[in-house]
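Structure record follows, encoded as structure tokens.
For ligands, and for the atoms within them, numbers begin at 1 and follow the listed sequence. Keep in mind that this is a model prediction, so the values were computed, not measured.
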Amino acid sequence: MDLIYAEATPSGRGGVSVVRISGEGAKSVAERMAGPLPKARHAYLREILDGDDLLDRALVMWFEAGRSFTGEEVVEIHLHGAPVIVRRLGQVLRAQGLRMAEAGEFTRRAFLHGKMDLSEVEGLGDLLAAETESQRLAALRMSHGELARKADGWRSLLIRASALVESSVDFADEDVPEKVPDEVFGLLDEFKAELDFQIGGYAAAERVRNGFEVAIIGPPNAGKSSLINRIARREVALVSDIAGTTRDIIELRLDLRGLAVTLLDTAGLRDARDELESRGIDRARHRAEAADLRLHLSPHGKADSSLWQDGDLVVASKADLHPHVDGLSVSSVTGTGLDQVLDGIFDILSQKAAGAALISRERQLNALLAARAVIEDVHGLEAELLAEAIRQAAASLDHLLGRIGAEDYLEVIFTSFCIGK
Ligand SMILES: Nc1nc2c(ncn2[C@@H]2O[C@H](COP(=O)(O)OP(=O)(O)OP(=O)(O)O)[C@@H](O)[C@H]2O)c(=O)[nH]1
Ligand SMILES: [K+]
Ligand SMILES: [Mg+2]
């Protein structure tokens, strides 16, 4: 593959800008600018020259093919963090026939050279996009190959089962149909249980990755927009004493004690006075029903029974006007009760997050559902059919790790990376 380069650090001013080069001959490209680099994985402080021109003083290091991020020969040049230097180096590299990397191309090469499987690529994408502690931890596990290791464990269950099935066929004699050993079904039940845990915990893991949705609902003038503004510490929503102020859904992304949360302000629930308000209330109902949690806000702490779901929170608003309401109460004017409300939301969501599996992407879920489906009712299957079912389940695990059938998905995943990654 041809020689590519790109800035690996975010472009702009900073202490250091790292430019990465990957491909056969990367080391000699660097040596033409920085002089001999005898040792791999060794940082050399060098003058970077373009002919007689001094470009910068930088750290230069290189990694041998096979022992680098992409699997190819890689050079990293740690320049001073000035865009003009990075630009100039780009000109020099292009003049030597290198081209700028496409989005995600370094990671794509790592995948193609077998340095990463597809789940690790997805984990790396999640890690680079992580905004909260829970997202960082989940992405780190995925990018460090935890799903790949689990899948290899599941695969060994299938291999052991398959070997037992094959041997039962080999030793069967013509007129007595082979007896599949019970141990095979034990192995397949263990395989199913492993997948069921992942499939069952997918929804929570997807929420940890994309953010839990919490809808603030209640009658007009309950104080919903005032509450979201208080939590946001800025005016994200219009507030007024006119009932029916909020029409559109207003979304606020929060890092709530390490959990990604999208808080939704919604239109006040009542019989609408006009067509526009009615559309706003429909949106409110729709998003509230789909949310992970509903916070029912009203002056006297009453829930909206038409939208009530188990585990919902009921909060009395305007606590500065109506003190001594039992249960949760909050004042968006004084801030009293706000921490308790946030604690209440966090407690409920962290319980949901606790059930999160490793898989958090629909592609991963579909691969496991496919593997699960072929092993669904294998009890009593005769050996040949059983062997085929096991083969198909193993093929689905290959899909999970991108060992087969990943071509069409590669475009999607790598273009979601930025240039230089
Ligand atoms: N005293 C007091 N007034 C509040 C409090 N929260 C809201 N208000 C007032 O109540 C009125 C309605 O507040 P909003 O935040 O617009 O209420 P809302 O639920 O978003 O109303 P709609 O968007 O019309 O459904 C405004 O005049 C607010 O200033 C509070 O905690 N204490
Ligand atoms: K209002
Ligand atoms: Mg409002």
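Considering only non-hydrogen protein atoms, atom 21 (O) of ligand 1 sits nearest to Asn221 N, 3.0 Å. For atom 2 (C) of ligand 1, the nearest non-hydrogen atom of the protein is Val333 CG2, 3.4 Å. Among all non-hydrogen protein atoms, the one lying nearest atom 31 (O) of ligand 1 is Ser332 N, 2.8 Å. Remark: minimum distance from atom 5 (C) of ligand 1 to any protein heavy atom is reached at Lys318 CG, 3.6 Å. Looking from atom 17 (O) of ligand 1 to the surrounding protein, the closest heavy atom is Gly223 N, 3.2 Å. Summary of contacts: the protein heavy atom closest to atom 23 (O) of ligand 1 is Thr246 OG1, 2.8 Å. The protein heavy atom nearest to atom 19 (O) of ligand 1 is Lys224 NZ, 2.7 Å.
A donor-acceptor distance shorter than 3.5 angstrom exists from the side chain of Glu72 to the backbone of Gly23, with no hydrogens or angles considered. A donor-acceptor contact shorter than 3.5 Å is absent between the side chain of Arg13 and the backbone of Ala82. Arg41 places a side-chain N or O within donor-acceptor distance of the main-chain N or O of Arg67, the cut-off being under 3.5 Å. No donor-acceptor pair closer than 3.5 Å links the side chain of Arg207 to the backbone N or O of Phe212. For Gln309 (side chain) and Glu289 (main-chain N/O), a donor-acceptor pair under 3.5 Å exists by modelled atom type.
The closest approach between Ile242 and ligand 1 falls below 4.0 Å for a heavy atom of the residue.
Under 4.0 Å from ligand 1, the heavy atoms of Leu321 that appear belong solely to its side chain.
Taking the K ion (ligand 2) as the corner point, the angle from Ile242 atom O to Ser240 atom O is about 90° (rounded to 10 degrees).
Among Leu227, Ile217, Val239, the residue whose heavy atom lies nearest to atom 29 (O) of ligand 1 is Val239. For atom 24 (O) of ligand 1, the choice among Gly244, Gly268, Ala319 with the nearest heavy atom turns out to be Gly244. For atom 11 (C) of ligand 1, the nearest non-hydrogen atom from the set Ser240, Ser225, Ser226, Ser329 belongs to Ser240. Comparing Asp320, Thr336, Asp241, Asp265 against atom 27 (O) of ligand 1, the shortest heavy-atom distance belongs to Asp241.
Residues Glu194 and Gln198 have side chains that never bring a donor and an acceptor to within less than 3.5 angstrom of each other. With 3.5 Å as the limit, one finds no donor-acceptor pair spanning the side chains of Glu213 and Thr262. Using a 3.5 Å distance cut-off with no hydrogens or angles, the side chains of Thr334 and Asp320 do not pair a donor with an acceptor.
The side-chain tip of Arg20 does not point at the ring of Tyr5 from less than 6.0 angstrom away and within 45° of straight on.
Smallest separation of non-hydrogen atoms from Asp292 and Gly211: OD2-O, 4.5 Å. Here the shortest heavy-atom pairing between Asp339 and Arg257 reads O-NH2, 4.2 Å. Taking all atoms of both residues into account, the shortest heavy-atom contact from Tyr202 to Ser360 is CE1-C, 3.5 Å.
Not a single N, O or S atom of Thr246, from either the backbone or the side chain, sits less than 3.4 Å from the K ion (ligand 2). The nearest N, O or S atom of Asn221 is closer to the K ion (ligand 2) than 3.4 Å. The Mg ion (ligand 3) has no N, O or S atom of Thr266 inside 2.8 Å of it. Not one N/O/S atom of Pro220, from backbone or side chain, sits under 3.4 Å from the K ion (ligand 2). Residue contacts to the Mg ion (ligand 3): Thr245 brings no N, O or S atom closer than 2.8 Å.
Of all the atoms in ligand 1, the ones that sit under 4.0 Å from a non-hydrogen atom of Ala243 are 24 (O). Of all atoms in ligand 1, listed by their number and element, those nearer than 4.0 Å to a heavy atom of Ser331 are 31 (O).
At a 3.5 angstrom cut-off on N or O pairs, Ala267 does not count as close to ligand 1. In terms of polar-atom proximity, Thr245 is counted as a contact of ligand 1, with an N or O under 3.5 Å from an N or O of the ligand.
Rounding to the nearest 0.5 angstrom, the gap separating the CG atom in Asp117 from the CZ atom in Arg403 is 6.5 Å.
Between Ile77 and Leu89 there is a side-chain heavy-atom pair separated by less than 4.5 Å.
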